[in-house]
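First the structure, in the form of structure tokens, and then the observations on it.
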Protein chains: 2
Amino acid sequence: MSRKAFRRLTLDERKRTLLEAALTCVAQEGLKGATVRRIAEEAGVTAGLVRHYFGSKNGLITSAYAYLIGQLTAEADTRARQFTGGANDQLRHFLIANMTMPNLSEEKVSLWATFIGRVRYDTDFADIHREGYRDYLTLLESLIEPVLAAHDLPRSSAECRRHAIALNGLIDGLWMEGSLNSGLYSRAILPDLIIEAGERLLNLPAGSLSGGKQHT
Amino acid sequence: MSRKAFRRLTLDERKRTLLEAALTCVAQEGLKGATVRRIAEEAGVTAGLVRHYFGSKNGLITSAYAYLIGQLTAEADTRARQFTGGANDQLRHFLIANMTMPNLSEEKVSLWATFIGRVRYDTDFADIHREGYRDYLTLLESLIEPVLAAHDLPRSSAECRRHAIALNGLIDGLWMEGSLNSGLYSRAILPDLIIEAGERLLNLPAGSLSGGKQHT
DNA sequence: TCTCTTGTTATACAATTGTATAAAATTTTG
DNA sequence: CAAAATTTTATACAATTGTATAACAAGAGA
């Protein structure tokens, strides 16, 4: 028997390969079900590499969680900032980004929930969650404030924060139930639904976020 | 060495003991980390009983998920129906029930998330989730409709459903982030926050849900 | 082309897993 | 109070786990 042929990759390439393989396996099999061997196979390498690059399985899984959270926030952030037309536009597209692919995905929600389930009992996960949540709230506040300003609404720091907490709750909840797609309604209604709900949550005049446009 | 002394329990008692031990272990160790032996120890019995009462570990875990969902919904439902004073009261206390103990609990959220993470890949879990979600939406609609009626607002079936979907999202999201208690704000603000947000989400006049009362 | 570095594979090992089966103890029944 | 019924314990077993270590091979620099 000859050895497996292999190609050397750069540190970043190999790490990313392993991180994505880890996420794929965690989604399909859960945290413990995603064994080092399965992850390695998914990545097209052998199990020893996990130790080489991440020290241990735990190191890999923790990094994968941070990687996932970064992906989710960056996607919504990027899509919001593509629109320089105004505050309403940015907030609208931020909301839409959370209710459409690639963020509205069963796999991503499965991963997110699986990790969230461990936050209470694992301080590494707790740190990643807290930081991600704080960043997300801050980002939301920065999107909400100018919208309130444009409509001459109260926009104190405390006011913005409360709005951000509530709006984040709405996003999280709709994102999760919508991604799981229980079949009780079509995912296609979610963008419109969250925009209307967001308008009401922020006390904006009806239609001010949808801007008259219909997204298809 | 003599055998362990034991007491026979009725079928329901023993099952409930095992279900609760299973939930405790799943919360602490995750789905695979909650081994049959650990669950049995937590329940004060030996591992063989799991097979005797639930056929397999999977049977126990699946039952435990259904048991948890039933608990969560029943708690909020019961607390809402304690108030016969009117529709506003009932909806208010339903919302509060989701933002206070025992439902607002890190352990319960950890469990919920852990199970949700498997919904996509396990049809048994998917069935339990779909049914639970459907029941919850139906319950919410039944609470929302009379409130809309009391305020002379549009309350078609479609309207109520959209409101229920959005309000459920808000509840889920706030419940989850609030329970995890990242330390970014106090949980104590959640009941007021969800009531105000709920009012806006349903287009109710400000203060109509809080009814002037402050809950302490 | 040759050596050197180190990315990568291959193997070994103790620990733990779910489940199957047999033995024992408790409660119920007559 | 004896005996049947069945809950519960105890043990066995193959399979799988994470990690440690050693052997190998690919690519860089000379």
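All figures in this text were calculated on a predicted structure; none of them were measured in a lab. Chain letters run A, B, ... following the sequence lines, proteins first, then strands; residues in each count from 1.
In this structure, a donor-acceptor pair under 3.5 Å is present between the side chains of B/Glu13 and B/Thr10.
In this structure, A/Leu49 atom CG and D/dA26 atom P are separated by 14 Å, rounded to whole Å. Taking atom CD of residue B/Glu13 and atom C1' of nucleotide D/dT8, one finds them 15 Å apart after rounding to whole Å. Regarding A/Arg7, its CZ atom lies at a distance of 11 Å from the C1' atom of D/dA26, rounded to whole Å. Atom CD of B/Glu41 is separated from atom P of C/dT16 by 13 Å (rounded to the nearest Å). We find that CZ of B/Phe54 is positioned 13 Å from P of D/dT7, with the value rounded to whole Å. Taking atom CZ of residue A/Arg3 and atom P of nucleotide D/dA22, one finds them 14 Å apart after rounding to whole Å. Atom CG of B/Asn58 and atom P of C/dG18 are 11 Å apart (whole Å). D/dA15 atom P lies 17 Å from atom NZ of B/Lys32, rounded to whole Å.
Between A/Tyr53 and B/Ser56, it is A/Tyr53 whose nearest contact on DNA chain C lies nearer the 5' terminus.
At the phosphate of C/dT17, OP1 or OP2 sits under 4.0 Å from a side-chain N or O atom of B/Arg38. Regarding contacts with the backbone of D/dT7, a side-chain N or O of B/His52 is found under 4.0 angstrom from either OP1 or OP2.
For B/Tyr67, the ring-ring contact (aromatic ring centres under 6.0 Å, His included) criterion is met by no residue, not counting sequence neighbours.
Checking C/dT8, D/dG18, C/dT17 against the side-chain heavy atoms of A/Leu9 singles out C/dT8 as nearest. In the set D/dT19, C/dT19, C/dT8, the nucleotide with an atom closest to the side chain of A/Arg14 is C/dT8.
Within residues 114-122 of chain A, no residue has any heavy atom under 4.0 Å from DNA chain D.
In A/Gln82, the CD atom is crowded: over 12 heavy atoms of neighbouring residues, nucleotides or ligands sit closer than 6.0 Å.
Screening residues 125-141 of chain B for side-chain hydrogen bond (donor to acceptor under 3.5 Å, both in side chains), with sequence neighbours left out, gives A/Glu177-B/His129, A/Tyr185-B/Tyr133, B/Asn98-B/Tyr136, B/Asp127-B/Arg130, B/Glu141-B/Arg161.
For the pair A/Arg155 (side chain) and A/Leu148 (backbone), a donor-acceptor distance under 3.5 Å is absent.
Each of A/Arg187, A/Arg79, A/His93 was scored for a side-chain hydrogen bond (donor to acceptor under 3.5 Å, both in side chains) with A/Thr100, with one residue passing: A/Arg79.
Taking 3.5 Å as the limit, the base of D/dA26 and the side chain of A/Arg8 contain a donor-acceptor pair of atoms between them.
No side-chain heavy atom of B/Trp175 sits under 4.5 Å from any side-chain heavy atom of B/Leu180.
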